[in-house]
Structures are given as C-alpha cells and as structure tokens.
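Notes follow the structure.
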2 protein chains.
Amino acid sequence: MELEEAKQRFIQGWGQLGASWGINRTMAQIQALLLISTKPLSTDEIMEKLMISRGNANMNIRDLIAWGLVYKSFIPGDRKEYYYSEKSMWELAKKVSRERKKRELEPLVRMLDEVKAVKGNDDETKAFRALAEDVRKMAGRAESMLDMVTRLEENVFFKWLTK
Amino acid sequence: MELEEAKQRFIQGWGQLGASWGINRTMAQIQALLLISTKPLSTDEIMEKLMISRGNANMNIRDLIAWGLVYKSFIPGDRKEYYYSEKSMWELAKKVSRERKKRELEPLVRMLDEVKAVKGNDDETKAFRALAEDVRKMAGRAESMLDMVTRLEENVFFKWLTK
DNA sequence: CCAAACTTTCAGAAAATATTGAAACTATAA
DNA sequence: TTATAGTTTCAATATTTTCTGAAAGTTTGG
C-alpha cells in the first residue's frame, strides 16, 4: 500500500470510530489528519485535504482544542494559525476519558442519586430503589476504570492487567 | 419524589446516556423501561408507555434481543410476546462491551494492521508506521480492558482497582 | 382450510445533526 | 487610520438518522 492510500484509510477509519463514539465524523477526521501530519497545518490546508468548508473546519478545530486534543501553533512572521495534534496515545486516551466522564457519567450519577431518594415503602418502590443503587454502583466502577486510565498508566497492576 | 416521576427520570437519563454512546435513544429507553418493570411487557404496553409506534418498538426490541440485553417471555394461553430485561448489571456491562468491541475495536485493529504494511522507507513513511503501531498498541490495551470487564468480575485485582 | 391475533417490514415523513458560505468581526502592517 | 489577512459566527441548507403507519407476513385455534 502507498503512503497516501494508507493515510486516507487511517483518516476514514478514525472518523468511523469517532462517529460511533458520539464524536462527529469531521472532528475525528481532522484529528486523524493532524495526528499523521509531521507538521502543524493551517485551516486552509485542513479544508483542502478533507474537502470541507471554512466554517466547518473552524468549528471542529475549536472543539478539538476545547477537548485538549489539538493545540495552536504560531509561526514567526506568519499571520495564520497552525494546528497540531497531541501525539501521545496515553495523553489522548486520558483527555478523551476525562471529557466523556464529565459529559456522561457525572450526569448519570446525579440522576441516580436523585431518583434513589424516591419516597414510599411498597415492594415496587423498594425494587426500584434497589435497581437505582445497583446502577449507581456500576457507574461508580466505570468511573474508577476511567480514573485508572487517567492516572495510573505507570501502575504495575494496571500494566499487568492490560499487558 | 414520587415513584412515577422517578421512573420517568430514569428512562430519560438512560436514553440520554445511550444516545451519547451511539445507541439510539429509543432503544435505550425501552431497555430502561424493561429494567425498571417488575414484570415482562408486551409490545403494546411499551408503545403506550413510551408513546412510540409499533414499527419503532418492534425494531428496537429486535436490536435489544440481538445485543442480548432483552429476552422474550411467553405466557401460557396468551398469544402475545412479552419482553423482559437482563437485570444483572454485570451481565449488561459484559454484553454491551462485547458488542462494542466487535463493532468498533475489531474494525479499527483490522484497519491498523493493514495500513501498517505501507511500503517505503523515507522518514515520513517511517513516522506513519510508528504512529500506526502506537495506535495499535493502545487499541490492544483497550481490548484487554474490555476483556477484563467481560471475564474478570471476580478477579481480586480488578475488585481492588475498582473498589 | 379460514379467520383472528399478533409480528415484521419498509417506503415515505419527520426530526435531529452536520455543513456551507457569506457577512461580521479582529488583528496587524503600513 | 486604512487596507489586508485571517478568524468566527450563524441562518439557511443538506445530510443522516430515526420514526411512523399501513400493508404484508406469520402463527394458532377452531
């Protein structure tokens, strides 16, 4: 396979993955493009390579920066802004898991803690409360796993478990 | 909070979560409804409680069954089919992670193994190959983590890590 | 076999999401 | 200042995803 084709496939595949993770396809593709680029790219270069509009490029770059996955870079004597991706897979995984935890797990846990406070003592209510507790416990476990990713990359147990 | 309101919130919240996980909202809501129901429900009951059409209900129930999250149940002397959810959080987590691994991680790994075979020996190609290796390694780790969820619920290290 | 009860399918409609492109905005150099 | 280069915003549009409802299909009891 030629390098250009390989790059193209990588960008497509990464976009696909992003899509099934609730991250929009273009955002994931821009990230992929920057990831495989050896130098920072300008908005115009991104637009051209992915054949997308300026507005689209700008918005998605902004989101990538907000997620901490992409950085700005300035070249002396050039007025354009250039962008480059975080290249460390560990850093990327950490940032994504931190962001998703904030966006999904935390609202879930808030909801569960609220509904657990349902009043009543009949069997149906008790069963519901028990279920909410159960889900809450599982959410807590998921949170712990994400925290592991966030913090414990050098942890020997973790290394052993994922080796 | 009253039981009915709590249930409603649970269904909404679960649907929300599903949505940001690439699972469609209705599918997640049906699952939530069955999860909090003390008895199996028929298609008509699901349609009524969630105010959705028969077609929609049917398709999403089918998917839930395909994921192994929901089962059919037959009541003697009744021609209707009734549905109930897997209630064990561990089982649910296992099944979801198994399914997502199949749908997302495996295609990613296939893609990576393909593009790693890119030919050439210039610096740019080498850098690309190294990146693909790197992503591949991270995918392998993610796979291991999912396998942990799938198999190691009694594993003492896992318990310790997520306690 | 037929008819009633129930389930499945799927083309078109509706809703949700993503994208465009041009105008407004901002920063810089002269 | 003003002209220019570059960035951001957002209403309109296009695309994708989900949902509906009616017709077709299936199963069962008589």
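Note that these values count all heavy atoms, side chains included, but never hydrogens, waters or copies made by symmetry.
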Does the side chain of [X] get closer than 4.0 angstrom to OP1 or OP2 of [N] through an N or O atom?
{"X": "T26(A)", "N": "dT19(C)", "answer": "yes"}
{"X": "R62(A)", "N": "dT9(D)", "answer": "yes"}
{"X": "N56(A)", "N": "dT20(C)", "answer": "yes"}
{"X": "N58(A)", "N": "dT7(D)", "answer": "no"}

Rounded to whole Å, how long is the line connecting atom [atom1] of [X] with atom [atom2] of [N]?
{"X": "R25(A)", "N": "dT19(C)", "atom1": "CZ", "atom2": "C1'", "value": "13 Å"}
{"X": "I46(A)", "N": "dG6(D)", "atom1": "CD1", "atom2": "P", "value": "15 Å"}
{"X": "Y82(B)", "N": "dT7(C)", "atom1": "OH", "atom2": "C1'", "value": "14 Å"}
{"X": "M59(A)", "N": "dT17(C)", "atom1": "CE", "atom2": "P", "value": "15 Å"}
{"X": "L50(B)", "N": "dT18(D)", "atom1": "CG", "atom2": "P", "value": "16 Å"}
{"X": "N60(A)", "N": "dT7(D)", "atom1": "CG", "atom2": "C1'", "value": "15 Å"}
{"X": "M47(A)", "N": "dT7(D)", "atom1": "CE", "atom2": "C1'", "value": "12 Å"}
{"X": "N24(A)", "N": "dT15(D)", "atom1": "CG", "atom2": "P", "value": "16 Å"}

### Task
Give a yes or no on whether the backbone of E45(A) and the side-chain of S42(A) come within a donor-acceptor separation of less than 3.5 Å.
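Here the side-chain-to-backbone pair exists.
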
### Task
Given side chain to side chain donor-acceptor pair (under 3.5 Å), test T125(A) with D122(A) step by step and report yes or no.
CA-CA 5 Å; T125(A) 305; D122(A) 52 305; 2.6 Å; yes

### Task
From the options dT27(D), dC10(D), dT7(C), select the nucleotide whose nearest atom is closest to the side chain of R79(B).
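Per side-chain heavy atoms of R79(B), the pick is dT27(D).
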
#### Entry: Y83(B) side chain, from C-beta outward: closest of dT20(D), dA27(C), dT7(C)
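The answer is dT7(C).
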
### M138(A) with L131(A), same ILVMFWY side-chain cluster at under 4.5 Å
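Yes: a chain of side-chain contacts under 4.5 Å links M138(A) to L131(A).
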
### Task
State, to 0.1 Å, how close S20(A) and E104(B) come at their nearest heavy-atom pair, and which atoms those are.
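Minimum heavy-atom separation between S20(A) and E104(B): OG-CG, 3.3 Å.
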
### Task
For K72(B) and for I52(A), find the nucleotide of DNA chain C with the closest heavy atom, then tell me which residue's nucleotide is more 5'.
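Looking at the nearest nucleotide for each, K72(B) comes out on the 5' side.
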
### Task
Before accepting this row, confirm whether a basic side-chain N of the pair D44(B)/R54(B) lies closer than 4.0 Å to the acidic partner's carboxylate O.
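So D44(B) pairs with R54(B) through a salt bridge.
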
### Query
Contact class for R54(B) (heavy atom, under 4.0 Å): base, sugar-phosphate, or nothing?
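If one applies the 4.0 Å heavy-atom cut-off, R54(B) turns out to touch a base.
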
